[in-house]
Amino acid sequence: MDERLKKPYQPSEHEEHIYRLWEESGFFQPENLTGKREKAYTILMPPPNANGHLHVGHALATTLQDIMIRYRRMAGDKTLFLPGADHAGFETQVVYEKKIEKDGRSRFSMEREELYQEILAFTNENKRFMETEVRALGASCDWSREKFTLDPDIVEVVYGTFRKLFDDGLVYRGKRMVNWCTRHQTSLSDLETAAKTQTDTLYYISYGPLTVATVRPETMFGDVAVAVHPEDTRYTEFIDTSIAVTTPIGSMYLKVITDEAVDPDFGTGALKITPAHDPNDFEMGLKYSLPAVEVIDQYGKLNERCGKYAGMKILEAREVVAKDLTEMGLLIKTESYEHSISTCYKCGKTLEPRVLPQWFVRMEPLAAQALEAVRTKKVTILPEYSEKVFNNWLYGIRDWNISRQIAWGIPIPARVCGACDYGTADITQTKCPICGATLTPDPDTFDTWFSSGQWPFATLGYPDGEDFKTFYPTAVLETAYDILFFWVARMIMLGLYRTGKVPFRHVYLHGLVRDVSRQKMSKSKGNVVNPIELLTRYGTDALRMGLIIGNTPGADSALSETKIKGYKHFANKIWNVARFVLERADEIEFTERPVLTEGDAARLKEFSTLAEDVTVDLNEFRFHLAGEKLYHYFWHTFADTIIEESKARLKEDSDTRQSTLFALLSILTKSLILLHPFMPFITETLWQMMPGKLRASVGYREALLMITPWPNTSQSPLS
RNA sequence: GCGCCUUUAGCUCAGUGGUAGAGCGUUCGCUUCACACGCGAAAGGCCGUAGGUUCAAUCCCUACAAGGCGCACCA
């Protein structure tokens with residue numbers, strides 16, 4: 001018996017060596033797998049953002065993905081687990097900006113190319129950490145196929161999709177209202193906003209003969225009309241007339257228009273229209289051909305149109321304007337008003353609606369296909385209720401702004417006209433067909449989700465790559481529920497659009513791992529737990545078990561170190577059971593199955609039932625149950641009952657002894673097999689410590705547990 | 001405003017149409033020849049509230065309550 005078995009299991013003494021053994025075996029690569037392997041089974045690792053270290057959520061995700069892959073590899077599929085890393089555009093740029101701010105630097109004083117190169121170096125460094133950490137988690141992924149979202153072949157596919165969308169009329173350049181972050185100096189998609197409820201002052205201001213109510217008096221210099229409800233009899237006499245409005249910087253004439261959208265019961269029923277700085281007003285501006293007069297600049301300051309207020313920040317200007325209006329006797333009254341505003345999801349600053357020429361994806365036709373795919377079960381989503389959430393979001397979705405004014409990202413392959421807002425994806429065009437001006441390259445970059453939304457087919461070498469033909473569509477997309485819209489929905493839409501097929505058949509959404517007190521982990525709270533510390537302390541297998549047992553799809557979990565510790569004890573239990581059996585190995589006389597006692601036959605049968613059960617659970621994504629059943633069986637049936645009872649039988653006659661030993665060895669061996677997807681390190685370590693002859697005597701000749709066949713059950717894996 | 005989820009042992013969470021489980025914790029006893037990262041035993045739950053369906057509900061249905069989340073361009 002291996003001397004190392006005599007002391008408690010020390011994960012750190014084995015894990016690195018075992019991972020190297022797997023990696024060097026070449027079996028992470030599907031083409032090296034032995035046997036027929038007709039069915040491809042692919043999981044793409046959601047590429048971690050290469051802007052920091054892995055967090056516990058990655059550990060949970062990687063574990064779930066690796067369990068599926070290891071199970072399918074053992075069950076005979078041609079498995080590909082493809083790793084990657086994400087440049088994570090805006091996210092990474094924000095992280096990097098914060099980092100250099102600490103050194104007293106700012107990205108706004110840097111050349112764009114300089115910034116790009118610095119972030120690239122930063123990202124490459126983080127990517128290396130991340131790769132080491134993914135290995136430490138035991139992920140059996142094919143590193144030879146690793147992809148980075150900025151790899152030239154990925155970018156080429158993304159460009160192709162953009163061009164196709166443009167040619168199909170599904171991408172258009174529009175001068176429309178977008179969410180602008182005055183801090184980050186870029187527009188954001190609707191998803192990248194966070195609604196915040198706050199209480200502001202509602203100002204009632206004299207507008208000539210009328211009174212309007214607004215929370216933004218500082219935008220009055222951009223007003224182009226006043227709108228009332230068409231049936232509001234209070235204002236009949238003013239409809240379609242011009243009214244003279246006095247402002248602190250002079251008079252202006254505004255047309256009084258009517259629109260059904262005006263609520264007569266809100267405020268005074270008269271609404272000032274500022275198309276350049278309010279989404280509703282912008283729509284109305286389009287409807288009635290009103291000009292959009294910009295009075296606030298990209299930094300959130302009032303511009304030269306605002307006379308003495310020019311240069312003031314919005315909030316400052318609001319106060320001063322209100323004060324001046326009061327002095328002029330134009331401020332009728334104020335009210336306290338609770339409403340919801342859009343803020344930047346990263347910095348929390350109030351977003352300024354701005355009218356900018358940007359690229360938009362026309363969502364409706366894409367969404368319709370995605371909805372259909374889910375409705376017809378071409379894609380299933382777990383937890384089931386998230387299909388409702390998915391449908392809810394896609395139904396009535398608005399067009400997607402994919403232009404970002406940041407350096408760190410994939411440049412948009414388009415040429416744009418500075419004079420008239422024309423733009424084209426035909427980069428050979430040099431002259432604006434509208435106004436004749438010279439076209440210039442679009443300085444913007446893509447929303448990072450536009451490119452990662454193409455990850456499944458881009459990584460596999462669409463359209464002609466062998467991998468694309470073999471491994472697409474992928475089997476399961478496993479990720480956190482909080483990126484269902486950002487990523488999953490976009491992948492389904494763009495996958496269907498570009499390839500005509502769904503990118504994956506099943507979506508498994510795990511919940512967020514929160515800290516012990518159920519708080520969301522975040523760097524600012526300082527409660528982020530490093531999974532590497534945990535696996536160093538308890539072993540990777542214990543961490544994996546601690547994360548997945550009791551963890552159901554979609555449900556958040558509180559990180560429990562005591563639970564992980566419990567599974568470290570379990571690992572030691574496995575270790576000692578193996579020791580018990582292997583200590584008795586020299587008493588073994590059989591080289592194949594001896595005649596079994598009735599009891600031992602029953603014990604093996606009981607094990608088969610467990611194997612069936614666990615297989616069904618794995619097929620149906622019930623990893624939390626499969627793991628718990630294995631734990632329970634191994635400890636409370638195998639160790640507590642079978643081994644305890646075997647002690648007496650091992651003192652009986654030779655036939656009984658051989659039968660008992662066979663049952664023990666057989667159950668141990670098969671348990672290692674079933675446990676392997678969950679606890680790959682200790683099971684493979686023991687497999688390697690077990691003499692090959694012993695394994696062979698219970699029917700297993702494979703040198704590596706990783707590719708040992710899964711026990712035959714009546715349950716065949718779902719496709 | 002619309003929608004979704006959760007409510008089970010002290011804590012964190014599983015689970016099933018026939019009156020419940022795990023990890024940790026608690027109590028008692030054990031250095032028993034695989035394991036003290038252990039063994040044996042025990043305490044602890046009207047399975048959120050009120051109705052309904054059913055022979056039978058913690059599990060299905062309907063309200064309600066509490067907590068959480070997502071979506072939402074009414075100034």
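Note on naming: letters A, B, ... go to the chains in the order of the sequence lines (proteins, then strands), and numbering restarts at 1 for each one. Note that this is a predicted model, so its numbers are computed, not measured.
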*Just checking A:Y481: base, sugar-phosphate only, or nothing, at a heavy-atom cut-off of under 4.0 Å?*
nothing
*Would you find more than 12 non-hydrogen atoms of other residues, nucleotides or ligands less than 6.0 Å from A:E587 atom CD?*
yes
*Give A:I643 one of three labels, base, sugar-phosphate or nothing, depending on what nucleic acid heavy atoms sit under 4.0 Å from its own.*
base
_Please report the distance separating the P of B:U32 from the corresponding atom of B:U26, rounded so that it comes out in whole Å._
23 Å
_Please classify the nucleic acid contact of A:A578 as base, sugar-phosphate, or nothing, using heavy-atom distances under 4.0 Å._
nothing
*By ring pair (Phe, Tyr, Trp, His ring centres under 6.0 Å), which residues pair with A:Y203, not counting sequence neighbours?*
none
_Using atom C1' in both nucleotides, what's the gap between B:G18 and B:C71 to the nearest angstrom?_
41 Å
*Answer whether the closest heavy-atom distance between the side chains of A:L477 and A:V488 falls below 4.5 Å.*
yes
*Quick check: does any side chain N or O of A:R584 sit under 3.5 Å from a backbone N or O of A:L661, one acting as donor and the other as acceptor?*
no
*Determine whether A:L664 and A:V577 make a side-chain contact, defined as any pair of heavy atoms from C-beta on separated by less than 4.5 Å.*
no
*Between B:A34 and A:R584, is there an OP1 or OP2 to side-chain N/O distance shorter than 4.0 Å?*
yes
*Could you check A:R544 against A:D541 for salt bridge (charged side-chain N to carboxylate O under 4.0 Å, His left out), going step by step and ending with a plain yes or no?*
CA-CA 5 Å; A:R544 290 168 63 120; A:D541 296 329; 5.0 Å; no
*If you check the A:E628 side chain, which of B:A34, B:G21, B:C71 turns out closest?*
B:G21
*asked:* By the 4.0 Å heavy-atom rule, please label A:R398 as base, sugar-phosphate, or nothing.
replied: base
_Please classify the nucleic acid contact of A:F282 as base, sugar-phosphate, or nothing, using heavy-atom distances under 4.0 Å._
nothing
*Which dot-bracket notation, 5' to 3', represents the base pairing of RNA chain B when pairs are defined as Watson-Crick or G-U with both distances under 3.5 Å, crossing pairs as [ ], and inter-strand pairs as |?*
(((((((..((((.......)))).(((((.......))))).....(((((.......))))))))))))....
*Give one of base, sugar-phosphate or nothing for A:T552, where a contact means two heavy atoms less than 4.0 Å apart.*
sugar-phosphate
*How far, in whole Å, is B:G3 from B:U8 if one measures between their C1' atoms?*
26 Å
*Looking at side-chain heavy atoms only, is the closest gap between A:I205 and A:K272 below 4.5 Å?*
no
*With sugar-phosphate meaning primed atoms plus P, OP1 and OP2, does A:E561 contact a base, only sugar-phosphate, or nothing at under 4.0 Å between heavy atoms?*
nothing
*asked:* Side chains of A:E338 and A:Q198, heavy atoms from C-beta outward: is any pair under 4.5 Å?
replied: no
*Full working for salt bridge (charged side-chain N to carboxylate O under 4.0 Å, His left out) between A:E606 and A:R603*: CA-CA 5 Å; A:E606 185 187 15; A:R603 288 176 191 100; over 6 Å; no
Distances under 3.5 Å between protein N/O atoms and the N/O atoms of nucleotides 23-32 of chain B, please, pair by pair.
unit_1: B:G23; atom_1: OP1; unit_2: A:Y631; atom_2: OH; d: 3.2

_Closest-nucleotide mapping onto RNA chain B: is A:A213 or A:K651 further toward the 5' terminus? I mean the 5' end._
A:K651
_If the cut-off is 4.0 Å, is A:W635 near the phosphate of B:C39, judged by side-chain N/O to OP1 or OP2?_
yes
*asked:* Taking the C1' atom in each of B:G38 and B:U16, what is the distance between them to the nearest angstrom?
replied: 32 Å
*Between A:K647 and B:A34, does any side-chain N or O lie under 4.0 Å from OP1 or OP2?*
yes
*Determine the interatomic distance between C1' on B:G44 and the same-named atom on B:A20; round to the nearest Å.*
13 Å
*Go through A:R354 and A:E352 one step at a time and tell me if the salt bridge (charged side-chain N to carboxylate O under 4.0 Å, His left out) criterion holds.*
CA-CA 6 Å; A:R354 289 185 80 208; A:E352 181 58 35; over 6 Å; no
*Taking only residues two or more places apart in sequence, or in another chain, which ones meet A:D613 in a side chain to side chain contact (heavy atoms under 4.5 Å, CB included)?*
A:K629
*Assess the side chains of A:S659 and A:D600: does a donor N or O sit below 3.5 Å from an acceptor N or O?*
yes
*Between B:G15 and A:H624, is there an OP1 or OP2 to side-chain N/O distance shorter than 4.0 Å?*
yes
*asked:* Closest-nucleotide mapping onto RNA chain B: is A:P8 or A:K272 further toward the 5' terminus? I mean the 5' end.
replied: A:P8
*asked:* If you only use heavy atoms from C-beta on, which nucleotide in B:C39, B:A34, B:C74 is closest to the side chain of A:D640?
replied: B:C39
Anything under 3.5 Å between a donor and an acceptor, one on a side chain of residues 479-487 of chain A, the other on a protein residue two or more places apart or in another chain? List them.
unit_1: A:Y481; atom_1: OH; unit_2: A:D556; atom_2: OD1; d: 2.9
unit_1: A:Y481; atom_1: OH; unit_2: A:D556; atom_2: OD2; d: 3.1
unit_1: A:W487; atom_1: NE1; unit_2: A:S452; atom_2: O; d: 2.8

*Describe the nucleic acid contact of A:V262 in one word from base, sugar-phosphate, nothing, applying a heavy-atom distance below 4.0 Å.*
base
What are the atom names and distances for every N/O pair under 3.5 Å that joins the protein to nucleotides 3-10 of chain B?
unit_1: B:G3; atom_1: O2'; unit_2: A:N392; atom_2: ND2; d: 3.3

_Atom P, compared across B:A57 and B:G48: separation rounded to whole Å_ = 15 Å
